[in-house]
Amino acid sequence: MRRILVTAALPYSNGSIHLGHLLEQIQTDIWVRFQKLYGNECYYFCADDAHGTATMLSAEEAGVSKEEWISRLREEHIKDLQAFGVDHENYYSTHSPENEKLTQEIYLKLLENGAIFTDEVSQLYDSSKELFLADRYVRGKCPRCGAEDQPGDNCDMCGATYAATDLIEPRSVHSDSKPVLKSSTHYFFDLAQFTSFLREWTTSGTVREDVSNKLKEWLESGLKPWDISRDAPYFGFQIPETSNKYFYVWLDAPIGYMASFRNWCDRSGVEFDDFWKPGNDTEVHHFIGKDIVNFHALFWPAVLKCSGFRTPTRIHVHGYITVDGEKMSKSKGTFIKAETYSEFLDPETLRYYYAARLTPTINDIDFSFADFLARVNSDLVGKLVNIPSRCANFLARGFDSQLSTELSEPSLFEEFAASKASIEQLYELGDTAQVVRAVMSLADKANQYIASNPPWELAKQEGKEQELQNTCTLAINLFRTLCVYLKPIVPMLVERSEQFLNSEPLTWNDVDEPLLDHRLGKFKRLMNRIDQKQIDKLIEASKETSAIEPESDEDQITIEDFQKIDLRVAEILDARFVDGADSLLELKLKVGTGERIVFAGIRTAYDPEKLKGRHVVVVANLKPRKMRFGTSEGMVLAAGPGGSDIFLVSPDDGALSGMEVR
RNA sequence: GGCUACGUAGCUCAGUGGGUAAGAGCACAGCACUCAUAAUGCUGGGGUCGUUGGUUCGAGUCCAACCGUAGCUACCA
């Protein structure tokens, strides 16, 4: 049995979890769940990355303490990740006593081993804010192409790279003031001492070849000292024996992996040293995005090596996420937060889609809504869930949900089991795209089997009862095998399937032994199809209101157009649920002297009892519309994206039913 | 600008050390079926493999240049 410690990169304490974080967290979670299901000892750790200038300034802007700020975000992050079934042993924070202790211990080791030195650095300084400015926080005209408002490291317009001091008319983004050059002592880690170690380490199977090729550039152009200190004010850990120097956030961030683990060791009984001291046969795996390879595959192993810890077993690097072919955009509604996603769509659909797209390469992954809809509906609902759905009834009706004592075609069951070894390999490599393809091709075979031994025909024939039961038994067993294979990817769907199978939680080796002579649970719908409308709502809700683009002429209406709409104040006389409608409430409205019935899609946000007596605004001359539940004679106005965020428009006190609104 | 990757049917991808006539799933069209969430089964159309040039008896595969996309470029994290 392997003993494996796994980490995903630390989300920064400066914003919500979004599709990008989820790609990595889900990828890692799938890998970990596979290892556990397979029978290995595997632990998954993460944390919020709390330090740095950005969190410090955000807290200040929000008017709360830094501790309050990061603790709020951490709570939110944990909640979001749990909704997507991401199951960490511990989700900690880099701003923790364990991390401070480890960071200082490691620093002192580096110092003791002669890898730390100091040097004077002159850097742009915002004297009104009394803050040294990272290149990112200085903007000005590009020295090459003259483009306005470019950051201090490279130009977004022409791609030039330069130093912040080269910018024309530089200004601090914090105060708009002109920065001045100021000198200060910085602490450096002498990375060059580890050149030959890193050359060896990066080419010994710890990273894929494409990643090590990229790292060659760093190694061959000569490793420079790494600046690991920042001047006060800075949010981080203070460097021992200094009064105003702090550790750069990227020094303590990866140490946060260890700290999160140590914090958990203290309550779980697992030995910290088993995983972090050299000479053990345990494994450490980091999952990261391609943007932070240098920190994890150069700085981090060198720091570990120098301070007497073991180095990672493997660094798994993934690409970036784009949405419909473009970078996520707040104004287009493609900057999708975890919370918004889970409001409109089943989080597990994202797990499946990501799994279907993830390979071990650093290629970017495009979240294409059309592809997403098609894959989830066609694969999970049309193929997989369809199998029990088409057999369960026959077993329930004729056989009291009892499986037969033998399989009609054991060879087919064995064929499914024979994929086990190759699927293991694919999971281990992180090629879940191929796992999904392999499993879906098996699901096709299961459906073909049913089509060529049609239960609905057997059910009509006298004396074919045994054959019918056997056919359905095999189909259910094929489904069960597929559940085992997909369990790391869609654990919640498989859990519902386990309830139907009326069996213990499935384990990897269950694919070898069929479930026979066994009573199934009641079959319930295992998964719902995705409706395009849900996606539309998700995009709408993700659009930031402040990012609304100005209307074009064609979208504008005249005052005459507007006057055609008869808006009236109405009093809600009665409100009640509509049977069979998930989102509708039936409202009885008093508009002036008349009464009318309006169906409003506000059930997810309002309790009918609380609506009685309330005044709202209604479109009074809307053509009545026949619905399944009755005729709706108007429309009440409300704001918001939907779900629990619907806000009825009400007049101020004093307005009377029937009054015109204009 | 430099570096590392990527570019194959409408979409997502597979194409082993260059070698039969470029594959799969989805989407689309036709047929069949009606157990199943308009699910399933069978059949079919669709590609100058980013562009140009080169190496070779032979190139999607190797080389070069160019175009496009992404990331990095050590002080964003």
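Values reported hereafter were calculated over all heavy atoms of this structure, with side chains retained and with hydrogens, waters and symmetry mates removed. In this text, all values refer to a predicted model and were calculated from it rather than measured experimentally. So that the names make sense, note that chain A is the first sequence line, chain B the second, and so on, each numbered from 1.
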Student: At their closest point, which heavy atom of Lys129(A) faces which heavy atom of Ser175(A), and how far apart are they?
Tutor: CG-CB, 4.1 Å
Student: Does atom CD (Glu61(A)) have a neighbourhood of more than 12 heavy atoms from anything else shown, all under 6.0 Å?
Tutor: no
Student: Pairing check on rA24(B): which nucleotide meets the Watson-Crick or G-U wobble criteria with it, both distances under 3.5 Å?
Tutor: rU12(B)
Student: Take atom NZ of Lys216(A) and atom P of rG71(B), then tell me their distance rounded to the nearest Å.
Tutor: 23 Å
Student: Tell me the partner of rG1(B), counting only Watson-Crick (N1-N3 plus N6-O4 or O6-N4) or G-U wobble (N1-O2 and O6-N3) with both under 3.5 Å; none if nothing fits.
Tutor: rU73(B)
Student: State whether Arg529(A) places a side-chain N or O below 4.0 Å from either non-bridging phosphate oxygen (OP1 or OP2) of rA39(B).
Tutor: yes
Student: If you check every side-chain atom of Arg375(A), which of rG2(B), rU12(B), rU40(B) has the closest atom?
Tutor: rU12(B)
Student: Using atom P in both nucleotides, what's the gap between rG7(B) and rU61(B) to the nearest angstrom?
Tutor: 11 Å
Student: Do you know which of Val317(A), Leu298(A), Thr202(A) makes side-chain contact (heavy atoms from CB on, under 4.5 Å) with Val293(A)?
Tutor: Val317(A)
Student: Tell me: CZ of Arg139(A) to P of rC76(B), nearest whole Å?
Tutor: 13 Å
Student: Would you indicate which nucleotide in rA77(B), rG41(B), rA36(B) comes nearest to any side-chain atom of Val249(A)?
Tutor: rA77(B)
Student: Leu373(A) has an atom CG; how far is it from atom P of rU37(B), in whole Å?
Tutor: 18 Å
Student: Indicate, yes or no, whether a donor-acceptor pair under 3.5 Å links the base of rA74(B) to the side chain of Trp226(A).
Tutor: no
